[in-house]
Amino acid sequence: MREYKKLWWTLIGVLVASFAVLGWMGKEVYHQAPPIPAQVATADGRVLMTQTDILDGQSAWQSAGGMTLGSVWGHGAYQAPDWTADWLHRELTAWLDLSAQAQYGVNFARLDGDAQAVLQRRLTAEYRKNTYDPATGSVTVSARRAQAIAQTARYYEQLFGDDPALHLSREHFAMKEGTLPDATARERLTNFFFWTAWAASTDRPGSVATYTNNWPHEPLINNVPTAENMVWSIVSVVVLIAGVGLLVWGWAFTHREEPPEPAPAHDPLTRIALTPSQRALGKYLFLVVALFVAQIFIGGLTAHYTVEGQTFYGINISAWFPYSLVRTWHVQAALFWIATGFLAAGLFLAPIINGGKDPKFQKLGVDILFWALIVVVIGSFTGNFAAIAHLMPPEWNFWLGHQGYEYVELGRLWQIGKFLGVVFWLVLMLRGIVPGLRQRGDKNLLALFTASVIAIGLFYGAGLAYGEKTNLSIMEYWRWWVVHLWVEGFFEVFATTALAFIFSTMGLVSRRGATVASLSSAVLFMLGGTPGTMHHLYFSGTTTPIMAIGASFSALEVVPLVVLGYEAWENWRLKARAPWMEALRWPLQFFVAVAFWNMFGAGVFGFMVNPPIALYYIQGLNTTAVHAHAALFGVYGFLALGFTLFVLRYVRPQMQFNDGLMKTSFWCMNAGLVLMIVLSLLPIGLMQFHASVSVGTWWARGETFMQQDILQTLRWMRTFGDVVFIVGGLGVMWQVVSALFGGRQTVASDAALAAQKS
């Protein structure tokens with residue numbers, strides 16, 4: 001108990017300190033966010049746009065799909081350009097041509113080197129100078145810059161409309177014709193794009209760096225990595241090495257290999273009668289695999305749009321199902337089925353914690369939660385469709401249609417519904433957990449599990465802290481509370497603790513060992529993960545302290561992942577502890593895959609994009625997609641499927657896993673994920689990385705570069721990985737569906753399993 005006390009106080013101290021830092025950083029974000037000017041005007045008083053125009057443009061961008069169609073400040077989809085980098089480069093080159101024509105009578109490209117250098121120095125001086133007046137809230141631009149803005153805006157008004165001259169560009173960017181049908185909305189959209197580029201090119205007061213820390217890389221105005229970027233990148237590597245070293249030392253001096261306790265002769269969980277609420281979980285498992293299979297097929301369509309931007313093997317479907325919509329559904333379906341797998345695992349454990357009994361009306365609550373989830377899924381998907389097809393009034397979009405922000409694309413009403421559903425799940429969980437906490441015995445592991453359940457139930461609410469027209473920097477702060485802190489932080493603790501609780505309840509590991517391991521893991525996860533949230537905000541209108549804290553602590557996120565090979569081995573060894581564990585071989589193998597992908601997807605590929613100097617050049621490139629696929633599916637996807645198979649084993653006690661089918665499914669999914677990364681995403685990302693360093697961000701994401709034959713071939717090659725992965729996904733679905741709805745099943749008795757193993 002004394003050992004627990006030290007760990008508890010360490011965890012509490014880490015949480016208090018890290019959330020204090022996160023809160024302070026939030027205050028910094030609010031105070032230092034790039035201002036949205038009351039007006040942008042020329043020196044002679046001609047108003048080009050107002051704050052209302054910029055914010056209306058933000059709403060128009062959201063209604064077109066927002067971050068699912070290109071990216072802004074590097075966050076979003078990868079097929080279309082990053083609109084910030086693209087607008088900035090187009091405006092800069094327009095200014096140079098206008099200046100060259102006015103002074104020399106020719107375009108900038110036809111000038112000699114000396115003349116070009118003179119104009120480029122003037123360009124840098126004009127664009128880096130901050131003309132924002134806090135007293136009036138106005139930004140003043142030169143008449144020439146106003147011309148460059150108008151010229152750039154015309155291009156975007158044509159691109160987001162249906163001008164035939166830019167049809168091929170829309171195909172290359174996977175944009176449908178008439179992406180924004182309303183001319184006024186297109187005009188407002190250009191105001192928003194201008195503002196994001198203004199913040200990326202204008203020095204912050206009192207600084208020699210822009211509001212976005214000189215991102216994107218744009219040599220024309222000396223947008224290059226800052227000195228702070230280099231310093232904190234080196235610091236992050238040092239912190240990583242020190243953290244790994246300390247972890248190894250700590251492991252060597254404190255880890256005690258406990259002699260394994262004798263495993264029970266029978267699976268303890270099979271000795272607990274199924275409760276009505278547990279029997280009702282079958283429909284949750286079906287929903288998991290149904291959404292999973294839908295997601296991977298939609299993912300295949302999304303990937304195909306990167307080579308045929310408006311058609312699917314010649315069939316024009318983009319008018320109703322464009323890239324921005326199917327990518328939205330692809331991401332949202334993943335979040336729904338993964339979350340459902342976690343919710344089902346929790347609801348399965350609640351009666352076990354309660355002594356094998358359901359609290360009163362627990363089954364009714366489980367049924368209500370399921371149908372509420374169905375309503376949110378259907379409602380949000382329908383709203384996404386109606387928004388991007390522009391079938392609803394624009395003022396309804398944010399609430400019922402598409403918020404425009406990656407991973408929280410669903411309309412605000414459906415987001416509130418999802419939050420209320422998670423809170424209701426928390427209530428159902430606590431009804432089973434609280435009586436368990438009152439029972440005698442060591443309750444430390446259960447207390448940590450309870451804390452993770454509460455965190456999952458409440459912290460999704462952070463996504464409600466911003467509104468439709470909130471400053472983009474402030475929105476990003478809260479969005480990453482959901483994407484990083486809620487998913488990568490508290491779900492990680494929940495998964496670790498839930499598995500420890502399951503294995504200790506089954507008598508496969510000691511309660512003490514499970515408790516110590518879970519508390520230690522929680523300390524490490526939260527120490528790096530909470531302040532490390534800020535590594536997503538290096539270039540989102542934040543200041544140097546954000547970069548310093550984000551870089552240092554996000555490096556620590558990688559530290560606990562280096563021991564996951566040992567964890568995988570420990571989990572795999574459990575199958576040899578007792579003959580009856582053979583019935584859990586496949587859930588266990590999925591948990592082993594989680595450890596593997598946690599180490600590579602979250603660890604190796606995660607740190608690849610973590611240091612500020614790395615992210616400066618590769619933010620928004622396909623290298624980010626490598627990390628996203630390997631971590632989101634590799635870790636949370638395999639974990640949710642593992643939980644699904646685990647619960648399936650007990651809610652259908654007479655079923656046996658089809659070894660041939662499961663082996664094919666498991667290895668096809670792993671191989672498919674590897675092929676996606678190795679054949680397509682990673683080589684494309686590395687080529688973009690080189691282009692970003694050597695030329696600029698706009699070039700690495702631009703139409704000319706991305707439509708090279710070699711990159712087209714690499715995008716086609718992703719098909720191999722997609723097909724292999726889909727085969728694996730269909731196999732898992734068939735296993736679950738046949739177990740849930742199949743007729744005659746074989747009884748998986750302990751004696752039969754023992755004979756089978758021998």
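- Tyr616 places a side-chain N or O within 3.5 Å of a backbone atom of Asn214 that can act as its donor or acceptor partner.
- For the pair Ser236 (side chain) and Ser233 (backbone), a donor-acceptor distance under 3.5 Å is present.
- With Arg204 contributing its side chain and Asn213 its backbone, the two residues share no donor-acceptor pair below 3.5 Å.
- The aromatic rings of Tyr127 and Trp95 sit perpendicular to each other, their planes meeting at more than 60°, with 30° as the lower class boundary.
- A 4.5 Å side-chain heavy-atom check between Tyr156 and Arg90 finds at least one atom pair inside the cut-off.
- In this structure the side chain of Thr226 never reaches within 4.5 angstrom of the side chain of Thr544, judged on heavy atoms.
- Taking OG1 from Thr543 and CD from Glu28, the interatomic distance works out to 3.5 Å, rounded to the nearest 0.5 Å.
- Residues Ile549 and Trp24 have side chains in contact (heavy-atom distance under 4.5 Å, counting atoms from C-beta outward).
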Decide yes or no on side chain to side chain contact (heavy atoms under 4.5 Å, CB included) for Thr152 and Trp87, but give the supporting numbers first. CA-CA 7 Å; Thr152 307; Trp87 175 288; 3.6 Å; yes
Under the criterion side chain to side chain donor-acceptor pair (under 3.5 Å), I'd like the reasoning laid out for Ser71 against Arg701: C-alpha separation, chi angles, the key distance, then a yes or no. CA-CA 10 Å; Ser71 58; Arg701 288 285 302 271; 3.0 Å; yes
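- For Arg715 (side chain) and Thr306 (main-chain N/O), a donor-acceptor pair under 3.5 Å exists by modelled atom type.
- Side chains of Tyr30 and Asn471 form no contact here, defined as non-hydrogen atoms less than 4.5 Å apart.
- Aromatic ring orientation, Phe193 versus Trp83: parallel (interplanar angle below 30°, classes split at 30° and 60°).
- The side-chain heavy atoms of Val239 and Leu556, taken from C-beta on, include a pair separated by under 4.5 Å.
- Separating the CE atom in Met547 from the OG1 atom in Thr542 is a distance of 7.0 Å, to the nearest 0.5 Å.
- For the pair Met608 and Val604, the minimum side-chain heavy-atom distance is 4.5 Å or more.
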Tell me, with the steps shown, if Phe633 and Phe725 meet ring-ring contact (aromatic ring centres under 6.0 Å, His included). CA-CA 11 Å; Phe633 179 78; Phe725 190 91; 4.8 Å; yes
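- Looking at Gln619 and His75, their side chains come closer than 4.5 Å, going by heavy atoms from C-beta outward.
- Thr202 contributes no side-chain N or O that, together with a main-chain N or O of Ala199, makes up a donor-acceptor pair within less than 3.5 Å.
- Inter-residue side-chain proximity for Thr530 and Phe553 is flagged as unmet; no heavy-atom pair is nearer than 4.5 Å.
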Candidate pair His484 and His535, rule ring-ring contact (aromatic ring centres under 6.0 Å, His included), full reasoning: CA-CA 10 Å; His484 180 97; His535 83 261; 5.6 Å; yes
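- Side chain of Thr697 to main chain of His217: a donor-acceptor pair is present (N/O by atom type, distance under 3.5 Å, no hydrogens or angles).
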Evaluation steps, ring-ring contact (aromatic ring centres under 6.0 Å, His included), between Trp486 and Phe459: CA-CA 6 Å; Trp486 186 63; Phe459 272 83; 9.6 Å; no
With side chain to side chain donor-acceptor pair (under 3.5 Å) as the criterion, how do Asn598 and Glu492 come out once you've worked through the C-alpha distance, each side chain's angles and the decisive distance to 0.1 Å? CA-CA 10 Å; Asn598 226 332; Glu492 189 87 47; 3.1 Å; yes
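- Taking the six-membered ring where the residue is Trp, the centroids of Phe638 and Phe596 are separated by 6.0 Å or more.
- Closest approach of Pro37 to Val139, counting heavy atoms only: CB-CG2, 3.7 Å.
- Closest heavy-atom contact between Asn610 and Ser554: ND2-O, 3.4 Å.
- The distance from the CD atom of Gln62 to the OG1 atom of Thr68 is 11.0 Å, given to the nearest 0.5 Å.
- In this structure, Thr533 contributes its side chain and Gly529 its backbone to a donor-acceptor pair below 3.5 Å.
- Gln58 places a side-chain N or O within 3.5 Å of a backbone atom of Thr470 that can act as its donor or acceptor partner.
- Between Tyr323 and Tyr305, the ring planes lie perpendicular to each other; the angle is over 60°, past the 30° to 60° tilted range.
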Step by step, would you call Met687 with Ile684 a side chain to side chain contact (heavy atoms under 4.5 Å, CB included)? CA-CA 5 Å; Met687 291 178 69; Ile684 291 174; 5.9 Å; no
Step by step, work out the side chain to side chain contact (heavy atoms under 4.5 Å, CB included) result for Phe705 and Gln688. CA-CA 8 Å; Phe705 179 82; Gln688 286 182 293; 3.8 Å; yes
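- Between Trp195 and Ile54, the closest heavy-atom pair is CB-CG2, 3.8 Å.
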Taking it one step at a time, do Ser694 and Trp699 satisfy side chain to side chain contact (heavy atoms under 4.5 Å, CB included)? CA-CA 9 Å; Ser694 58; Trp699 173 248; 5.6 Å; no
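- Atom-to-atom distance recorded for Leu519:CG and Thr497:OG1 is 8.0 Å, nearest 0.5 angstrom.
- The main-chain N or O of Tyr407 is found under 3.5 Å from a side-chain atom of Glu409 such that the two form a donor-acceptor pair.
- To the nearest 0.5 Å, atom CG of residue Leu22 and atom CG of residue Leu15 are 11.5 Å apart.
- Atom-to-atom distance recorded for His536:NE2 and Glu476:CD is 10.0 Å, nearest 0.5 angstrom.
- Between Phe490 and Phe19, the ring-plane angle classifies as parallel under the 30° and 60° cut-offs.
- Scanning all heavy atoms of the two residues, the minimum distance from Trp61 to Gly404 falls at CH2-O, 4.1 Å.
- Using modelled atom types, one side-chain atom of His627 and one backbone atom of Gly601 make a donor-acceptor pair closer than 3.5 Å.
- Smallest separation of non-hydrogen atoms from Gln403 and Val408: CB-O, 3.5 Å.
- Taking the six-membered ring where tryptophan is involved, the planes of Phe342 and Phe491 are perpendicular, since the angle between them exceeds 60° and thus also 30°.
- Across every non-hydrogen atom of Phe192 and Val72, the tightest pair is CE2-CG2, 4.4 Å.
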